[in-house]
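Just so you know, these numbers come straight off a predicted model, no measurement behind them.
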Amino acid sequence: MNVSSRREVIRTLLGTKPFISLDELTAAFPEVSQMTLRRDIEYFEKQGEAIKVRGGARSMKFITTSMEDAFSKRLHENVMTKENLAVEAVKMIETGRSIFLDSGTTMLTLAALLPDERFTVTTTGPNVALEIIKKRKPMVNIVGGMLNRDNISVVGNSALEFIDSINIDIAFIVPSGVSADGLTGGNYTECEIKKKIIEKAHKVVVLMNLSKMNKVLPYNVCPLEDIDVLITDRLLPPDMAQRLKNAKTEIIITQYN
């Protein structure tokens with residue numbers, strides 16, 4: 001079987017399964033070395049059809065089936081709440097610091113409210129970066145990689161490698177779901193990015209509106225204990241509040257009716 005035929009078989013597998021292991025590919029193509037099969041996986045990653053993970057590849061067809069609504073729709077939802085969350089977040093930003101801003105509509109609001117001061121901002125959101133460069137003084141780094149259309153965010157191994165190479169003083173994260181067990185998301189690659197950011201950051205600030213509360217999605221990001229500050233718009237459920245209190249997490253409530 002030539003290269004083209006082999007890759008067509010692999011493409012078919014990626015269209016029907018969320019994960020293909022290297023062992024599975026070795027069994028399917030016993031005459032081909034694992035090194036060659038790894039190059040095949042890299043080929044599909046460059047084509048935007050898969051993402052290389054330990055032991056094999058995950059299909060982008062399944063990964064990009066996000067559980068969130070369309071970005072354009074979310075942009076016009078909970079506008080006042082997002083502004084309230086962003087106003088509290090801006091108070092934590094200091095001149096000269098290295099800051100990370102997550103992707104998403106709440107981060108767009110925060111980007112617009114950033115002071116025009118000298119600090120370095122890294123983001124996975126191209127639209128967030130474009131908002132920040134309207135100012136003159138902040139230095140802006142945008143993570144490279146594949147663009148997720150659902151959330152307008154950059155994901156993939158290149159993004160992980162870049163984040164691994166930088167220092168982050170304070171990271172502002174917006175999860176898709178939050179429960180007493182921690183932060184979750186509906187997109188595997190985005191969750192892997194958030195995990196790396198939380199690992200690198202000296203201080204982790206999570207912005208969460210009521211719609212995210214007690215929402216559990218398929219992929220884990222981190223336990224509540226990894227959060228240094230939680231900014232939210234409502235009182236928390238008792239079990240979540242207790243776990244954050246035990247972890248000595250600062251809780252900021254922007255409003256309560």
Side-chain angles (χ1 to χ4, degrees), residues 81-145 151-155 159-176 178 182-185 190-209 212 220-233 236 243-245 247-254:
T81 296
K82 292 170 186 175
E83 289 182 0
N84 290 338
L85 298 176
V87 165
E88 291 298 328
V90 165
K91 296 176 184 178
M92 302 181 187
I93 295 174
E94 300 177 14
T95 302
R97 298 293 187 179
S98 172
I99 300 162
F100 175 84
L101 294 189
D102 207 350
S103 59
T105 57
T106 303
M107 287 296 106
L108 264 180
T109 305
L110 177 53
L113 294 178
L114 286 177
D116 192 1
E117 300 291 347
R118 297 191 183 279
F119 44 76
T120 301
V121 182
T122 300
T123 182
T124 50
N127 50 357
V128 174
L130 289 172
E131 182 64 40
I132 298 169
I133 62 169
K134 294 177 182 178
K135 310 173 197 299
R136 298 185 62 185
K137 294 181 181 178
M139 180 182 294
V140 183
N141 292 322
I142 184 165
V143 172
N151 292 332
I152 314 184
S153 62
V154 178
V155 297
L160 286 169
E161 289 170 4
F162 181 84
I163 292 167
D164 203 33
S165 70
I166 64 173
N167 295 314
I168 302 171
D169 284 329
I170 181 168
F172 295 93
I173 302 291
V174 180
S176 298
V178 183
L183 276 55
T184 57
E190 280 200 349
C191 290
E192 290 300 296
I193 294 288
K194 292 184 199 295
K195 283 181 183 178
K196 177 59 69 173
I197 291 157
I198 290 167
E199 175 188 319
K200 295 283 293 186
H202 295 141
K203 185 174 186 177
V204 176
V205 179
V206 171
L207 284 69
M208 179 191 74
N209 63 43
K212 309 294 179 67
N220 293 322
V221 175
C222 73
L224 292 179
E225 288 75 11
D226 287 351
I227 302 171
D228 297 300
V229 181
L230 176 67
I231 305 175
T232 186
D233 62 331
L236 301 174
R243 286 196 62 170
L244 289 166
K245 180 180 178 181
K248 295 182 170 51
T249 300
E250 180 184 357
I251 302 171
I252 298 172
I253 301 174
T254 62

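- Interatomic distance, CD1 of I173 versus NZ of K195, reported as 13.0 Å (0.5 Å rounding).
- Residue pairs meeting the side chain to side chain donor-acceptor pair (under 3.5 Å) criterion with at least one member in residues 108-121, sequence neighbours excluded, do not occur.
- Closest heavy-atom contact between D226 and V204: O-CB, 3.8 Å.
- Considering CG of N141 and CZ of F162, their distance stands at 4.5 Å, rounded to 0.5 Å.
- Rounded to the nearest 0.5 Å, atoms CG (D228) and CG (L230) are 11.0 Å apart.
- Of all heavy-atom pairs spanning P138 and P115, the tightest one is CG-O, 4.2 Å.
- Taking the side chain to side chain donor-acceptor pair (under 3.5 Å) definition, one finds that K248 meets it with nothing, sequence neighbours left out.
- The shortest side-chain heavy-atom distance between D102 and T124 falls under the 4.5 Å cut-off.
- Counting heavy atoms from C-beta on, the side chains of V221 and P175 never come closer than 4.5 Å.
- Applying the side chain to side chain donor-acceptor pair (under 3.5 Å) criterion to E250, with sequence neighbours excluded, gives no partner residue.
- Interatomic distance, CD1 of I197 versus CD1 of I163, reported as 4.0 Å (0.5 Å rounding).
- Put simply, the side chain of K82 does not reach to within 4.5 Å of the side chain of L108, judged on heavy atoms.
- Among all heavy-atom pairs drawn from A86 and L113, the shortest one is CB-CD1, 3.6 Å.
- Remark: A112 pairs with E131 by the side-chain contact (heavy atoms from CB on, under 4.5 Å) rule, at least two apart or across chains.
- Only one option out of L110, N209, V90, V206 pairs with L85 in a side-chain contact (heavy atoms from CB on, under 4.5 Å); it is N209.
- Take K200 and apply the side chain to side chain donor-acceptor pair (under 3.5 Å) test, not counting sequence neighbours, and it matches no residue.
- Scored by the side-chain contact (heavy atoms from CB on, under 4.5 Å) test, I251 finds L236, L244, I253 as partners (sequence neighbours excluded).
- Counting only heavy atoms from C-beta outward, the side chains of L114 and L101 approach each other to under 4.5 Å.
- Legend: residues meeting salt bridge (Lys or Arg N to Asp or Glu O under 4.0 Å) with E199, ordered by chain and number and at least two apart, are K196.
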Side-chain polar contacts of residues 92-100 - donor-acceptor pairs under 3.5 angstrom, sequence neighbours left out - could you list them?
residue	atom	partner	partner atom	Å
E94	OE1	R97	NE	3.3
E94	OE1	R97	NH2	3.3
S98	OG	N167	O	2.6

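- Applying the side-chain contact (heavy atoms from CB on, under 4.5 Å) criterion to I142, with sequence neighbours excluded, gives P126, A129.
- N220 pairs by the side-chain contact (heavy atoms from CB on, under 4.5 Å) definition with T184, not counting sequence neighbours.
- Under the side-chain contact (heavy atoms from CB on, under 4.5 Å) test applied with K203, the options I227, I168, I170 reduce to a single match, I170.
- For the atom pair CD of E190 and OG of S103, the computed distance is 4.5 Å after rounding to the nearest 0.5 Å.
- Of all non-hydrogen atoms in V143 and V154, the two that sit nearest each other are O-CG1, 3.3 Å.
- Between N84 and D233, every side-chain heavy-atom pair lies at or beyond the 4.5 Å cut-off.
- In this structure the side chain of D169 never reaches within 4.5 angstrom of the side chain of F119, judged on heavy atoms.
- Looking at L183 and M208, their side chains never come closer than 4.5 Å, going by heavy atoms from C-beta outward.
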